[in-house]
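Remarks on the structure that follows.
Below, chain A is the first sequence line, B the second, and so on; all start at residue 1.
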Protein chains: 2
Amino acid sequence: MPPAVTDPSSLTLQPVVQQSTPMMIAARVRTAIARGDFPPGAQLYEAELARQLGVSRGPLREGLQRLTQEGLLVSIRHRGLFVVELTPENVRDMYLAREAIERCAIAVVVERDPQGTADALQPVLDEMTLAADRSDYRGVAEADIRFHEVLVDRAGSERLARVHATQATEARVCIQALGQSPQDALLRVEEHQRIADAIRAADGPLAQSLLAQHMADAVADLTQQPREAPAG
Amino acid sequence: MPPAVTDPSSLTLQPVVQQSTPMMIAARVRTAIARGDFPPGAQLYEAELARQLGVSRGPLREGLQRLTQEGLLVSIRHRGLFVVELTPENVRDMYLAREAIERCAIAVVVERDPQGTADALQPVLDEMTLAADRSDYRGVAEADIRFHEVLVDRAGSERLARVHATQATEARVCIQALGQSPQDALLRVEEHQRIADAIRAADGPLAQSLLAQHMADAVADLTQQPREAPAG
DNA sequence: CAGATCTCGATTGTCGACAATAGTATGGCC
DNA sequence: GGCCATACTATTGTCGACAATCGAGATCTG
């Protein structure tokens with residue numbers, strides 16, 4: 001056999017299209033919802049969406065079914081599909097589920113590769129810090145999401161990642177629907193930094209309890225219930 | 001206003017049809033897969049399935065999209081839909097995700113209502129014991145699933161429950177594809193009883209570690225890797 | 001006879017049209 | 001004037017048909 005031009009494993013030219021159309025549609029709509037184009041409670045009209053995306057209603061409906069299965073949309077028969085509402089109860093449930101997944105992710109990465117994970121987390125933290133310094137709350141929020149995404153991805157679990165992807169979108173919806181103050185942003189950066197430090201130190205329980213505190217703070221903010229304020 | 005016949009909240013007569021057709025289709029197919037009608041790796045043919053269920057391919061595809069989103073089916077473009085394979089890696093990942101969810105459920109129920117949860121678990125345990133006594137491994141497996149379902153439902157979280165529903169189906173597929181020995185059945189009953197006891201004692205960490213051990217045992221069985229055998 | 005190429009069948013992917021339903025606006029009645 | 005019944009409209013739910021793609025078997029060539 002004549003020698004190949006290069007090692008086949010190195011030129012990895014990826015397939016042109018691999019994922020199904022409904023999957024891509026779901027991704028698009030998910031992003032749009034996360035961006036705030038469709039606020040919580042808004043109805044999604046099939047005909048218009050299909051027109052905008054340049055597809056028929058068939059594939060569109062299949063993609064929307066996926067988002068409904070994820071819980072991002074709620075379907076009312078013969079009425080339509082609506083973006084999930086952010087009731088306090090819903091928010092608490094969202095963060096409960098997120099905590100379940102991320103606690104597991106922490107346990108795995110601490111066991112597997114705490115250093116590498118902390119290293120992967122650091123650039124995200126730097127970006128978050130930068131965004132906080134220039135009062136770019138949107139940027140802080142995006143980095144926040146990315147932090148948790150990186151954390152879960154590092155666990156290397158397909159299922160954890162899939163569940164978390166849904167939760168991250170819901171989290172984005174929360175953040176979108178929420179203004180932020182400078183002290184909140186700084187607190188958030190601080191919390192994430194501590195979690196990363198605990199992971200680097202391979203202290204799973206500490207990282208998990210810091211995570212829980214972080215989540216509790218976020219829920220308190222979102223549900224507008226005053227958390228225990230420090231005296232003074 | 002004349003007094004109502006009875007308290008409206010007590011006569012809860014549910015709507016005739018409320019859930020969407022794709023949702024019902026997904027439930028049917030999910031059950032069929034759990035029952036073993038479609039073994040792991042089998043292809044699902046749209047036309048035939050649609051004919052059997054008495055619906056068109058449109059709604060059927062929408063329902064199947066849900067199962068694909070759940071991870072129970074895998075889609076290959078222009079090839080078809082296949083039931084997920086039970087590779088060792090897959091099994092490990094499945095149980096990792098299950099453990100994440102159920103640890104959280106335990107934490108919640110221990111905090112909330114350990115007694116009530118233990119009481120709700122007891123009949124399932126009794127049934128499991130009975131099944132084990134008469135060597136009804138299928139019955140043991142069903143009770144096993146039910147145990148975890150009750151546990152998660154008791155946490156009262158919509159998201160946890162939804163994620164777990166998927167995982168329970170995958171677990172059913174595992175169990176379906178697995179023979180059992182008498183000593184395994186007895187061990188399993190024992191493990192579940194201890195978890196329930198720990199929950200009744202409101203000892204969250206103990207219950208969680210027992211759960212972890214239980215899951216590890218199951219994975220060891222399923223992946224056919226010998227777990228550390230007690231000497232003797 | 002081995003290998004590659006071509007053709008055919010089956011299955012999936014996509015679309016447009018029709019039917020059914022819920023909400024809305026209008027008209028009539030008390 | 002207020003309330004109920006009715007017709008209408010917009011949207012969703014469903015279906016059948018057509019197009020695109022892949023795999024397998026047959027065919028041809030060296």
Side-chain angles (χ1 to χ4, degrees), chain A residues 1-2 4 13-29 32-33 37-85, chain B residues 1-2 13-29 32-33 37-39 41-85:
Chain A
M1 183 194 290
L13 54 146
Q14 330 196 40
V16 181
V17 284
Q18 191 64 311
Q19 51 181 357
S20 67
T21 308
M23 200 180 284
M24 293 189 288
I25 291 173
R28 288 289 183 91
V29 177
I33 292 173
D37 295 350
F38 301 101
Q43 180 169 5
L44 271 57
Y45 297 97
E46 296 179 0
E48 185 179 338
L49 264 180
R51 192 176 49 75
Q52 286 183 6
L53 290 170
V55 295
S56 177
R57 274 181 56 214
L60 180 90
R61 281 176 62 95
E62 293 180 27
L64 262 37
Q65 280 292 331
R66 277 175 170 260
L67 298 184
T68 306
Q69 172 67 23
E70 287 184 8
L72 191 60
L73 302 178
V74 291
S75 164
I76 305 179
R77 228 184 133 95
H78 294 122
R79 283 285 305 281
L81 290 165
F82 302 82
V83 180
V84 67
E85 296 268 10
Chain B
M1 181 194 291
L13 54 141
Q14 327 196 43
V16 181
V17 284
Q18 191 62 312
Q19 52 183 359
S20 67
T21 309
M23 202 179 283
M24 293 188 290
I25 292 173
R28 288 288 183 91
V29 177
I33 292 173
D37 295 349
F38 301 101
Q43 180 169 5
L44 272 57
Y45 298 96
E46 297 179 0
E48 186 179 337
L49 264 180
R51 193 177 48 75
Q52 286 183 5
L53 291 170
V55 295
S56 177
R57 273 180 58 213
L60 179 89
R61 281 175 62 93
E62 292 180 27
L64 262 38
Q65 279 293 332
R66 279 176 168 259
L67 299 183
T68 306
Q69 173 65 23
E70 286 184 10
L72 192 60
L73 302 178
V74 290
S75 165
I76 303 179
R77 228 184 132 96
H78 293 121
R79 284 284 305 282
L81 289 166
F82 303 83
V83 180
V84 67
E85 296 270 11

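Screening A:E48, A:E62, A:E46 for a salt bridge (charged side-chain N to carboxylate O under 4.0 Å, His left out) involving A:R57 leaves a single residue, A:E46.
Rounded to the nearest 0.5 angstrom, B:R61 CZ and A:S20 OG are separated by 8.5 Å. Rounded to the nearest 0.5 Å, atoms CD (A:Q43) and CZ (A:R79) are 7.0 Å apart. Rounding to the nearest 0.5 Å places CG of B:L67 at 9.5 Å from CD of B:Q65. Rounded to the nearest 0.5 angstrom, B:L81 CG and B:I76 CD1 are separated by 9.0 Å.
Here D:dT11 presents its P atom at 16 Å from CD1 of A:I76, a figure rounded to the nearest Å. D:dT11 atom P lies 12 Å from atom CG of A:L49, rounded to whole Å. One can place CZ of A:R51 at 13 Å from P of D:dT12, the figure rounded to the nearest angstrom. Rounded to whole Å, atom P of D:dG23 lies 11 Å from atom CD of B:Q43. Here D:dT11 presents its P atom at 12 Å from CZ of A:F82, a figure rounded to the nearest Å. As rounded to whole Å, 11 Å separates atom P of D:dT12 from atom NE2 of A:H78.
Across B:G63 and B:A26, no two heavy atoms sit closer than the pair O-CB, 3.7 Å.
At D:dT21, none of the side-chain N or O atoms of B:R79 fall inside 4.0 Å of OP1 or OP2 (strictly under the cut-off).
The residue A:L44 sits close only to the backbone: its heavy atoms come under 4.0 Å of sugar-phosphate atoms, none of a base. Within the nucleic acid shown, B:S20 has no heavy atom closer than 4.0 Å to any nucleic acid atom. No contact: B:G58 has no heavy atom under 4.0 Å from any strand.
Where B:Y45 and A:G54 meet DNA chain C, the nucleotide closest to each residue was compared, and B:Y45 sits on the side nearer the 5' end.
Along DNA chain C, the stretch of nucleotides lying under 4.0 Å from any heavy atom of chain A spans, 5' to 3', C:dT14 to C:dG23.
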